[in-house]
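Presented below is the structure to which this report refers.
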Protein chains: 2
Amino acid sequence: MTIKDVAARAGVSVGTVSRVLSGSPATSAAARERVRSAVTELGYRPDARARALRSARSNAVGLLLSDVRNPFFAEVAHGAEQAALAASYVTLLANANEDTTQQDTYLEAFLTQRVDGIIVAPQGEGSGNLRALEQARTPLVFVDRTVEDFDVPSVTADNAQGVDLAVAHLAAHGHTRIGYIGGPPSVSTGRARHDAFLAAVASHGLDEDPALIAVGDFRSASGSTAAATLLAGRRPPTAMLAADSLMAVGALGEVRRRGLRIGTDLALVSFDDIEWFKELDPPLTVVAHDARALGESAMRLLLDVIEGRPAESVVQPMRLVVRESSTGRPAD
Amino acid sequence: MTIKDVAARAGVSVGTVSRVLSGSPATSAAARERVRSAVTELGYRPDARARALRSARSNAVGLLLSDVRNPFFAEVAHGAEQAALAASYVTLLANANEDTTQQDTYLEAFLTQRVDGIIVAPQGEGSGNLRALEQARTPLVFVDRTVEDFDVPSVTADNAQGVDLAVAHLAAHGHTRIGYIGGPPSVSTGRARHDAFLAAVASHGLDEDPALIAVGDFRSASGSTAAATLLAGRRPPTAMLAADSLMAVGALGEVRRRGLRIGTDLALVSFDDIEWFKELDPPLTVVAHDARALGESAMRLLLDVIEGRPAESVVQPMRLVVRESSTGRPAD
DNA sequence: TTGTATGCGTTATCAT
DNA sequence: ATGATAACGCATACAA
């Protein structure tokens, strides 16, 4: 079932079929009609591969995220995908699994698939294939995270602002010893939030105790461990800030196991507003940014690059959503 | 940068390059060496589209899920993707968003992309494009859900067993009025679990009150609504079973808002064991099946079909994981 | 073992 | 407005 069959059925040449199908103005109404009915009668579908081969355009983009099982990235994926769909691009989604090797494997796959562009939430210091991408001049956009020394447009969140909002809020509630459960320094958001935390603690005149800082890897198990470390100290924190939702959940479990009650015994604030955080008991205070919008913006930015429009990096603001976990009472 | 450039650089013909690259035995050691170094020197990557066009094999498969933001499906996606990667297939992931129109859009996209096969968690009664697929003889596998009248291999869970495990457990704890928060009847798992619930309630001699049954749509908001309906009845249930995790979370919120305490005032059991369910306060009792394994099996099954091996549908067992939400005390 | 030539399904160029 | 035909990058049948 190829364009030839359609041409034969419609009694025209393949050129005419192609023109009708691609909406060229150089077609007669009669031809359009004949072709359209032949297409539906035969159930013909153009072969995207052949089309891409000939036109040097695949209408496919790659989306490489670090962990789709992280609700935050699932939402980013959804936003990006919807934006691509609206522009009739197909999205190839790949999951790096927080692993640099898999990241390279998928970048390689994207390259051989000749996608028109790639969105990536990178980890590590620019792996080999990330450099190859730059060299191959494949349009590239970073989402959520960045890599130093890469001059790539990106859509990120204002991490410093987010951290400061959280710390200011906790300070306003009288906390002076805030524990921080951070992300890995190999990821830009991990570094940015860590630095911002140190700065915020200093600027608000709070305790600058190294024992109040623990490092995780953005997964829940590390959140448990980090919380355990913080709480086992001689002078444990009265509030904790987790750099992502999975680690916050891990911390939640550890706190419960120690018989403490979030909100009253210990304040907890998390990054990333996951849908069900407000359903928890108590509901969780979060530093939120719109993950879906992040994905949408990244995709639009990528399409701008692909289609030669000017592309400007964007930094999304974060906002604080106050709930009971940090106040001990229902939010106003 | 094509195979021609490599041939020129290596001083051999394109045929030789192609043979070396595809691991044909009909190559000399000398040729292999020359080609390999030319490839790395030039940074050449074969064009997957051209290769697919010529060889009628794309090494790409489509994965169409109903909602990637549902942690259960995120895990299925991960499993499927890893299995594909291991067999060096690329996965095109698409998100139907619990919407039949988008399901059709993506099936269409898969068809024009000429993927080698498709895995789908279907909804509705076999949409038009699902039929087209069957007709196009594209290898197809259902995961988690099925559609009646489609003779397609599938990987599903033993829903009846799962429901019975949950009901038996609650009955053993003295509950006679169990509320059920079901999924939509347009989805096979929704129907299967609903029917199984009726059967289990009858076989255990519990209250068969229609007011104990509420229907949701597998999203959290509907879980809140359903829980509200059940709890507002004249004789509210003492235990509830939710047909998926998102609805369970919604129910959790509603219960909290009513000032009730899960575990002591009201037992709650959910389908799908999400990683953080054990971190909740109290930890949630669940009817679990291994979502990642489900995805892996589905992908392996699809590859079996694609590569002409015999393909047998598989039904995964479910198991009950008892935690405090249904017992009011720490599990043994 | 190697090279040459053809075709995969499509778009684009050139005539007509 | 339409038809014939080359070309996209690769794999493979065939010849050498």
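Note that this is a predicted model, so its numbers are computed, not measured. Convention: sequence-line order gives letters A, B, ...; per-chain numbering from 1.
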Fill in: Short side-chain to backbone donor-acceptor contact, A:S154 and A:T156, under 3.5 Å
no
Worksheet item: Could you state the CZ-P distance from A:R34 to D:dG3, rounded to the nearest angstrom?
Response: 10 Å
Practice prompt. Take the protein atom NZ of B:K4 and the nucleotide atom P of D:dC8, then report the distance between them rounded to whole Å.
Written response: 6 Å
Practice prompt. Please evaluate the base of C:dT10 for a donor-acceptor partner in the side chain of A:R51 within a cut-off of under 3.5 Å?
Written response: no
Worksheet item: Counting side-chain heavy atoms from CB outward, which of C:dG3, C:dT10, D:dT5 is closest to A:I3?
Response: C:dT10
Worksheet item: When you check the phosphate oxygens OP1 and OP2 of C:dG3, does a side-chain N or O of B:T16 lie under 4.0 Å from one of them?
Response: yes
Discussion item. Using a 4.0 Å heavy-atom cut-off, does B:A52 contact any base of the nucleic acid, only the sugar-phosphate backbone, or nothing at all?
Written reply: nothing
Response to the item:
Looking only at D:dC10, C:dT2, D:dT2, the nucleotide nearest the B:A26 side chain is C:dT2
Worksheet item: On DNA chain C, nearest-nucleotide positions of B:P25 versus A:S22: which is more 5'?
Response: B:P25
Worksheet, complete the sentence: Side-chain contact check for A:S13: nearest option of D:dC10, D:dT2, D:dC8 is D:dT2
Worksheet item: Does the pair B:T27 and B:R19 meet the rule for a side chain to side chain donor-acceptor pair (under 3.5 Å), with working shown?
Response: CA-CA 7 Å; B:T27 52; B:R19 278 186 287 265; over 6 Å; no
Practice prompt. Evaluate the criterion salt bridge (Lys or Arg N to Asp or Glu O under 4.0 Å) for residue pair A:R145 and A:E98; output intermediate values, then yes/no.
Written response: CA-CA 13 Å; A:R145 309 165 170 187; A:E98 300 282 8; 3.4 Å; yes
Fill in: Nucleotide D:dT12, atom P - distance to CZ of B:R57 in whole Å
11 Å
Discussion item. Does D:dC8 have OP1 or OP2 under 4.0 Å away from a side-chain N or O of A:S55?
Written reply: no
Fill in: Protein-nucleotide distance (B:M1, atom CE; D:dC8, atom C1'), rounded to Å
16 Å
Worksheet item: What nucleic acid atoms does B:R19 come within less than 4.0 Å of, heavy atoms only: base, sugar-phosphate, or nothing?
Response: base
Worksheet item: How would you label the contact of B:S18 with the nucleic acid (heavy atoms, under 4.0 Å): base, sugar-phosphate, or nothing?
Response: base
Practice prompt. Using a 4.5 Å cut-off on heavy atoms from C-beta on, say whether the side chain of A:L93 contacts that of B:N95.
Written response: no
Worksheet item: Thinking salt bridges, do B:D47 and B:R49 make one under a 4.0 Å N-O criterion?
Response: yes
Worksheet entry | Value in whole Å for how far the C1' atom of C:dG9 lies from CZ of B:R54 | 12 Å
Discussion item. Base, sugar-phosphate or nothing for A:A56? Non-hydrogen atoms, less than 4.0 Å.
Written reply: nothing
Worksheet item: A:Q113 CD to D:dC10 C1': how many Å, rounded?
Response: 14 Å
Practice prompt. Considering just the side-chain nitrogens and oxygens of B:T2, establish if one lies under 4.0 Å of OP1 or OP2 belonging to D:dG9.
Written response: no
Worksheet item: Is there a salt bridge (Lys or Arg N to Asp or Glu O under 4.0 Å) between A:R131 and A:E134 once you walk through the steps?
Response: CA-CA 5 Å; A:R131 288 279 170 218; A:E134 215 181 13; 3.2 Å; yes
Discussion item. What is the distance, to the nearest angstrom, from the CG atom on A:D5 to the C1' atom on C:dG9?
Written reply: 11 Å
Worksheet, complete the sentence: Nearest-nucleotide check on DNA chain C, B:L53 vs B:G15; residue mapping nearer the 5' end is B:G15
Discussion item. Measuring from the side chain of A:D47 (C-beta onward, heavy atoms only), which nucleotide among D:dT2, C:dT10, C:dC8 has the closest atom?
Written reply: C:dT10
Worksheet entry | Nearest-Å distance for atom pair CZ/C1', residues A:R45 and C:dT10 | 17 Å
Worksheet, complete the sentence: Considering only heavy side-chain atoms of B:V14, the closest of C:dT2, D:dT2, C:dT4 is C:dT4
